[in-house]
Protein chains: 2
Amino acid sequence: MDTSVICPRFETAISLLSQRWTGLIIYQLLSGPQRFSHLTEIIGISGRLLSERLKNLEAEGLVTRTVYPETPVRIEYALTEKGFSLKPVMDEIQNWSQIWVEPTETRNV
Amino acid sequence: MDTSVICPRFETAISLLSQRWTGLIIYQLLSGPQRFSHLTEIIGISGRLLSERLKNLEAEGLVTRTVYPETPVRIEYALTEKGFSLKPVMDEIQNWSQIWVEPTETRNV
DNA sequence: TCCCTTTAGTTACTTTATGTAACAAATTAT
DNA sequence: ATAATTTGTTACATAAAGTAACTAAAGGGA
């Protein structure tokens with residue numbers, strides 16, 4: 001019957017990346033620690049969802065949150081080792097997109 | 001200001017993979033052409049959504065649909081070259097999951 | 001012929017996730 | 001005390017996903 005099941009670890013990993021915005025947030029943080037407002041602007045995500053996603057990523061151990069008590073307060077989000085180790089995944093998605101995604105078919109809204 | 005924008009091709013690619021089930025469907029089809037009912041069982045997706053996703057993947061040129069007029073009818077879904085070339089992405093997700101996902105934390109429902 | 005079986009979907013409806021925009025907390029310079 | 005800035009949160013509208021019953025097609029047997 002070949003009813004072998006999908007690898008549970010893979011399933012967990014891809015369910016993480018299948019959550020909307022999560023991949024983009026990680027990709028963006030690969031270029032270094034960034035603050036909340038910068039992420040909302042560059043990704044195009046609302047504060048509500050960015051907040052929710054970052055909390056989730058922090059809980060999963062992929063991202064850290066650091067408070068700098070300046071004026072006004074600065075809060076930076078950065079990848080942990082676990083988060084940064086998703087770089088090869090992002091690199092492969094990048095590679096694939098360069099080959100298979102038409103420059104014209106971007107923004108299909 | 002460093003308000004450089006995220007690569008549009010990357011954004012298109014990851015929005016595809018960010019759609020729920022899509023990654024799992026492609027991953028599963030990497031092991032060869034499979035029929036509708038087999039995919040629903042092994043992935044744990046409803047007929048409604050599998051149908052919707054497969055139509056979408058077909059429209060994107062990632063998957064083909066082949067009808068075998070037997071009794072009862074057999075319909076097989078297979079990856080195109082474009083779809084199969086996502087293998088390196090899936091391999092990297094697999095790698096990451098082997099290192100960073102606890103065997104115990106699977107199925108966090 | 002008519003009904004049964006099997007695979008491959010679809011339809012109608014409920015529940016969950018996401019989008020939007022106005023509002024609140026914290027901090028400190030004026 | 002007031003205003004200004006960043007980092008969120010709350011309340012509500014819209015879109016996507018989950019569920020389960022139903023339909024389409026097509027051969028096989030009574």
Side-chain angles (χ1 to χ4, degrees), chain A residues 1-3 6 11-12 14-29 32-60 63-78 107-109, chain B residues 1-3 6 11-12 14-29 32-60 63-78 107-109:
Chain A
M1 279 292 186
D2 185 18
T3 21
I6 287 177
E11 232 179 313
T12 301
I14 208 158
S15 78
L16 206 154
L17 295 173
S18 288
Q19 207 172 185
R20 190 158 195 192
W21 302 115
T22 299
L24 269 184
I25 293 169
I26 292 168
Y27 173 80
Q28 182 59 29
L29 287 178
Q34 286 160 61
R35 53 202 302 192
F36 193 88
S37 55
H38 186 240
L39 287 171
T40 59
E41 279 162 28
I42 214 160
I43 296 180
I45 183 180
S46 71
R48 176 170 118 38
L49 278 187
L50 181 58
S51 173
E52 193 177 304
R53 289 296 185 273
L54 287 171
K55 271 184 190 166
N56 201 254
L57 288 170
E58 214 186 336
E60 299 273 1
V63 160
T64 58
R65 177 182 186 272
T66 309
V67 180
Y68 297 90
E70 301 171 356
T71 287
V73 66
R74 179 166 58 101
I75 292 171
E76 282 197 343
Y77 291 91
R107 294 282 103 214
N108 43 332
V109 187
Chain B
M1 279 292 186
D2 186 19
T3 21
I6 288 177
E11 232 179 312
T12 302
I14 206 157
S15 78
L16 206 154
L17 295 173
S18 288
Q19 207 172 185
R20 191 159 194 192
W21 301 114
T22 298
L24 269 183
I25 294 169
I26 292 167
Y27 173 81
Q28 180 61 28
L29 287 178
Q34 287 160 60
R35 53 203 301 193
F36 193 89
S37 55
H38 186 240
L39 288 171
T40 59
E41 280 163 27
I42 215 162
I43 295 180
I45 184 180
S46 71
R48 177 172 116 40
L49 279 187
L50 181 58
S51 173
E52 193 176 304
R53 290 297 184 273
L54 287 171
K55 270 183 192 167
N56 200 254
L57 288 171
E58 213 186 336
E60 298 274 1
V63 160
T64 56
R65 177 181 186 273
T66 309
V67 180
Y68 297 91
E70 303 170 353
T71 288
V73 67
R74 178 165 58 101
I75 292 171
E76 281 198 343
Y77 291 91
R107 294 284 102 214
N108 43 333
V109 188

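By convention in this document, chain letters (A, B, ...) are assigned in the order of the sequence lines, proteins followed by strands, and residues within each chain are numbered from 1.
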Legend entry - pair Ile43(B)-Ile6(A): side-chain heavy atoms closer than 4.5 Å: yes

N/O contacts under 3.5 Å, protein versus nucleotides 20-27 of chain D?
residue : atom : partner  : partner atom : Å
dG27(D) : O4'  : Thr71(B) : OG1          : 3.1

Legend entry - Side chain Arg65(B), main chain Lys55(B), donor-acceptor under 3.5 Å: no

Legend entry - OP1 or OP2 of dA15(D) under 4.0 Å from side-chain N/O of Arg20(A): no

Legend entry - Ser51(B) side-chain N/O to dT10(C) phosphate OP1/OP2 under 4.0 Å: yes

Inset, instruction - Provide, to the nearest angstrom, the distance between the CZ atom belonging to Arg74(B) and the P atom belonging to dG9(C). - result: 14 Å

Legend entry - d(CG, Leu50(B); P, dT7(C)) in whole Å: 15 Å

Legend entry - Per Ser37(B) side chain, nearest of listed nucleotides dG9(C), dA8(C), dG8(D): dA8(C)

Can you pull every protein N or O that's under 3.5 Å from an N or O on nucleotides 14-16 of chain C?
none

Legend entry - Distance below 4.0 Å between Lys55(A) side-chain N/O and dT7(D) OP1 or OP2: no

Inset, instruction - For the side chain of Leu49(B), starting at C-beta, report the closest nucleotide among dT7(D), dG18(D), dG9(C). - result: dG18(D)

Legend entry - Spacing between Ile45(B) atom CD1 and dA8(C) atom C1', to the nearest angstrom: 14 Å

Legend entry - Length of the line joining Leu16(B):CG and dA16(D):P, which is rounded to integer Å: 15 Å

Legend entry - Qualifying residues under ring pair (Phe, Tyr, Trp, His ring centres under 6.0 Å), relative to Tyr77(B), sequence neighbours excluded: none

Inset, instruction - Look at Trp21(B) and dA16(D) and indicate whether a side-chain polar atom (N or O) is within less than 4.0 Å of OP1 or OP2. - result: no

Inset, instruction - Would you indicate which nucleotide in dT7(D), dT18(C), dA8(C) comes nearest to any side-chain atom of Phe36(A)? - result: dT7(D)

Inset, instruction - Using a heavy-atom cut-off of under 4.0 Å over every strand shown, decide if Tyr68(A) touches base, sugar-phosphate, or nothing. - result: nothing

Legend entry - Rounded distance (Å) that lies between atom C1' of dA8(C) and atom CD of Glu52(B): 16 Å

Legend entry - 5'-most by nearest nucleotide on DNA chain C - Gly47(B) or Arg35(B): Arg35(B)

Inset, instruction - Can you tell me the distance, in whole Å, between the CZ atom of Arg53(A) and the C1' atom of dG19(C)? - result: 12 Å

Inset, instruction - Provide, to the nearest angstrom, the distance between the CD atom belonging to Glu58(A) and the P atom belonging to dT7(D). - result: 14 Å

Legend entry - Leu54(B) CG - dG9(C) C1' separation (whole Å): 11 Å

